[in-house]
Engineer: 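Can you read through this structure? Questions will come right after.
Quick caveat, the model's predicted, so the values are computed rather than measured. Residue numbers begin at 1 in each chain, while the letters A, B, ... track the order of the sequences. Values reported hereafter were calculated over all heavy atoms of this structure, with side chains retained and with hydrogens, waters and symmetry mates removed.
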Amino acid sequence: MLEENTDSKKTESSLKSPQGGALNFSFPKKEKLTNKKLFEALFTEGKSLREFPLKLIYLKTDFKEKVPIKVAVVAPKKKFKTAVQRNRIKRLLREAYRLNKPLIFNNIEGNYAFIFLYLGKKTPSFDEVDSAMKKLLGTFLNKEFHEKID
RNA sequence: UUAGCAGGCCACCUUAUCGCUGCAAGUAUGGGCAACCGUGCUUGGAGAGGAAAGUCCGGACACCAAAGUGCAGCAUAGCGGGUAACGCCCGUCCGCCGUGAGGCGAGGACCAGUGCAACAGAAAGCAAGUACAGUUCGGCUGUAGUGAAAUCGGCAAACUCUAUGCGGUGAAACGCCAUGUAAACCAACGUUUGAGGGUUGCACGCCCGAGUUGGAGGGUAGGCGGUUGGAACACUUGGGUAACCAUUUGUCUAGAUAAAUGAUAAGGAUAUACAGAAUCCGGCUUAUGGCCUGCUUUUAAU
RNA sequence: GGCCGCGUGGCGCAACUGAAUAGCGCAUCUGAUUACGGCUCAGAAGGUUGCAGGUUUGAAUCCUGCCGCGGUCA
């Protein structure tokens with residue numbers, strides 16, 4: 001089932017998938033993580049993966065909304081003092097996630113909450129964030145998804 | 001052109017694709033007698049700043065069931081004007097700085113009272129008195145020496161006085177809805193002869209008042225309104241030295257809530273400073289790229 | 001978003017009612033003592049008082065503006 005989906009990513013059949021479509025690059029409000037309790041749970045119980053300059057904290061949960069993943073993005077205030085820098089980083093992370101969504105959206109079962117942390121010291125370019133995001137999502141899939149199959 | 005002074009303006013732009021947040025219209029669907037409301041899709045149009053910042057002043061607005069009186073406290077300080085108001089702005093006098101264009105100034109009062117003055121110096125504020133000279137011979141006058149200041153005063157960004165102003169708390173204000181033990185249990189005090197609470201730091205006064213406080217144990221920390229049309233912006237004419245005021249016509253110009261402006265490609269120039277609204281305005285201060293205009297000096301370099 | 005508080009040698013503090021030399025403890029360095037080290041004793045170095053202005057004869061202290069850090073709220 002899942003392998004078929006990855007193979008037929010760019011075909012028309014996957015566009016009609018009930019989960020929102022493989023080529024759906026949208027990032028609506030539903031897919032944002034807003035619950036305070038979930039945040040706390042993530043920081044205490046969540047597992048983490050690193051791919052410099054990014055860090056992913058994730059946790060398997062259930063939501064009321066029919067969305068597979070909820071995502072939040074963090075830029076630390078200690079390293080980046082101005083709001084402009086923090087906004088810039090958060091926008092880049094969000095954009096990178098949005099464009100790489102199809103990598104994981106069709107290969108996942110259940111609900112996950114994600115937090116992306118930025119660990120670098122300087123404001124990055126989009127290419128850096130994008131490549132790191134791709135690697136990070138790949139390792140996430142390998143860990144969670146293949147371990148379960150085995 | 002370089003240096004300096006003052007004032008004003010702009011804040012990379014255009015197109016395409018993908019994406020985000022409100023608004024309007026249409027449409028599908030669910031609910032409702034209906035008005036409408038929720039969700040999805042499509043189209044159209046809008047979407048951070050000159051400082052949005054610091055939170056340093058001044059207001060609007062909201063609440064405090066008296067928001068009252070007195071004391072305390074705080075702020076301002078030539079004079080005149082502007083303003084909703086101000087510690088802001090304009091004009092002007094004076095003082096200081098600069099060759100100059102110009103800039104800066106908490107700039108009332110020590111003949112109301114209290115206080116302060118290290119070192120040096122004979123003496124630093126009930127006075128006392130060195131040396132020399134002069135002399136109308138009166139411990140009268142001058143000079144020297146110390147010091148910021150020597151019988152003349154100085155210092156109120158010393159207490160203070162004078163004049164004027166200020167009630168307090170800030171959108172996490174405040175109103176409504178939802179959720180949930182729970183009109184649960186134990187102890188103390190009390191029900192008009194009043195426990196306790198509210199009311200500005202204190203006192204008085206005033207108001208509310210049948211519950212309040214503590215223990216043990218537990219619940220929610222969500223949604224809607226406030227929330228963007230305003231001391232608004234642009235322009236016409238008139239008044240005023242100016243700040244500004246009056247007036248004509250026109251425009252609608254962000255409303256997020258883990259928090260909306262980004263990515264990619266192409267072109268103009270190849271590079272883009274400081275920096276992100278959070279209730280809203282008027283200022284001040286600080287950060288910062290570039291352009292334009294007028295003026296100043298020696299006429300120094302071309 | 002609002003409201004408070006604090007900045008003094010490397011660290012923790014004092015001097016804040018203006019007075020010329022900014023003090024104390026720990027740590028550091030040098031010497032003495034010891035076979036060596038510690039303890040102890042003697043001595044030394046280390047400060048733009050967070051920064052910049054102002055008032056004053058004189059500022060860590062008073063005033064103004066910045067910078068940094070911390071706390072608090074329904």
Engineer: Determine the interatomic distance between P on A59(C) and the same-named atom on A52(C); round to the nearest Å.
Structural biologist: 14 Å

Engineer: Suppose we define a pair by two distances each less than 3.5 Å, Watson-Crick or G-U wobble; what does G70(C) pair with here?
Structural biologist: C4(C)

Engineer: Looking at R86(A) and F80(A), would you say the former's side chain and the latter's main chain have a donor-acceptor pair under 3.5 Å?
Structural biologist: yes

Engineer: So, for L54(A) and M133(A), which heavy atoms are closest and what is the spacing to 0.1 Å?
Structural biologist: CD1-N, 3.8 Å

Engineer: For the pair made of CZ in R86(A) and P in A275(B), what is the distance, rounded to whole Å?
Structural biologist: 12 Å

Engineer: For the C1' atoms, the ones on G58(B) and on A172(B), what distance do you get once it is rounded to whole angstrom?
Structural biologist: 24 Å

Engineer: How long is the line joining CD of E31(A) and P of G19(B), in whole Å?
Structural biologist: 12 Å

Engineer: Please give the distance between the P atoms of A14(C) and A128(B) as a whole number of Å.
Structural biologist: 48 Å

Engineer: For N100(A), is there any backbone N or O sitting under 3.5 Å from a side-chain donor or acceptor partner on K134(A)?
Structural biologist: no

Engineer: Expressed as a whole number of Å, how far does the C1' atom of C5(B) sit from that of G103(B)?
Structural biologist: 9 Å

Engineer: Go ahead and name the base partner of A124(B); Watson-Crick or wobble counts if both distances stay under 3.5 Å, otherwise write none.
Structural biologist: none

Engineer: May I ask which nucleotide in the shown strands pairs with A52(C), Watson-Crick or G-U wobble, both distances under 3.5 Å?
Structural biologist: U64(C)

Engineer: With the 90 degree cut-off around zero defining syn, does C16(C) come out syn or anti?
Structural biologist: anti

Engineer: Could you tell me how far C89(B) sits from U285(B) if I compare only their C1' atoms? Round to whole Å.
Structural biologist: 16 Å

Engineer: Quick one: does any side-chain atom of K70(A) pair with a main-chain N or O of F114(A) as donor and acceptor, under 3.5 Å?
Structural biologist: no

Engineer: So if you build clusters from Ile, Leu, Val, Met, Phe, Trp, Tyr with side-chain heavy-atom gaps below 4.5 Å, do F25(A) and F126(A) land together?
Structural biologist: yes

Engineer: Can you tell me the base-pairing partner of A232(B)? Count Watson-Crick or G-U wobble geometry only, both distances below 3.5 Å, and say none if there is no partner.
Structural biologist: U251(B)

Engineer: Considering only the C1' atoms, how many Å lie between A269(B) and A256(B), rounded to the nearest integer?
Structural biologist: 37 Å

Engineer: Sticking with atom P, work out how far G71(C) lies from U61(C), rounded to a whole angstrom.
Structural biologist: 27 Å

Engineer: Check the pair I69(A) / I104(A) against side-chain contact (heavy atoms from CB on, under 4.5 Å), numbers first and verdict last.
Structural biologist: CA-CA 10 Å; I69(A) 301 176; I104(A) 56 166; 3.5 Å; yes

Engineer: For V84(A) and P28(A), find the nucleotide of RNA chain B closest to each by heavy atoms; which residue's nucleotide sits nearer the 5' end?
Structural biologist: P28(A)

Engineer: Quick check on G22(B): syn or anti? Syn means the glycosidic torsion is within 90 degrees of zero.
Structural biologist: syn

Engineer: Report the base-pairing partner of G222(B) (Watson-Crick or G-U wobble, both distances below 3.5 angstrom), or none.
Structural biologist: C177(B)

Engineer: Quick check on A275(B): syn or anti? Syn means the glycosidic torsion is within 90 degrees of zero.
Structural biologist: anti

Engineer: How would nucleotides 258-265 of chain B be written as a contact map, 5' to 3', with B for base contact, S for sugar-phosphate-only contact and - for no contact, using protein heavy atoms under 4.0 Å?
Structural biologist: BSSSBSS-

Engineer: With a 3.5 Å limit on both atom pairs, tell me what C18(B) is paired to, counting Watson-Crick and G-U wobble, or say none.
Structural biologist: G262(B)

Engineer: Can you name the closest pair of heavy atoms from L92(A) and P124(A) and give their distance?
Structural biologist: CD1-O, 3.5 Å

Engineer: For P28(A), is there any backbone N or O sitting under 3.5 Å from a side-chain donor or acceptor partner on E31(A)?
Structural biologist: no

Engineer: Counting C-beta onward and ignoring hydrogens, is there a side-chain heavy-atom pair between I89(A) and V129(A) closer than 4.5 Å?
Structural biologist: no

Engineer: In whole angstroms, how far is the P atom of A275(B) from the CZ atom of F80(A)?
Structural biologist: 14 Å

Engineer: How close or far is atom P of G40(B) from atom NZ of K29(A), stated in whole angstroms?
Structural biologist: 11 Å

Engineer: Measure the distance from NZ on K30(A) to P on C20(B) and round it to the nearest whole Å.
Structural biologist: 13 Å

Engineer: Write down the partner of G211(B) under the Watson-Crick or G-U wobble criteria, each distance required to be under 3.5 Å.
Structural biologist: C189(B)

Engineer: Pull up the glycosidic torsion of A66(B) and say syn or anti, syn being anything within 90° of 0.
Structural biologist: anti

Engineer: Return the nucleotide paired to G87(B): Watson-Crick means purine N1 to pyrimidine N3 with N6-O4 or O6-N4, wobble means G-U with N1-O2 and O6-N3, both under 3.5 Å.
Structural biologist: none

Engineer: By the rule that syn is within 90° of 0, classify the base conformation of G50(B) as syn or anti.
Structural biologist: syn

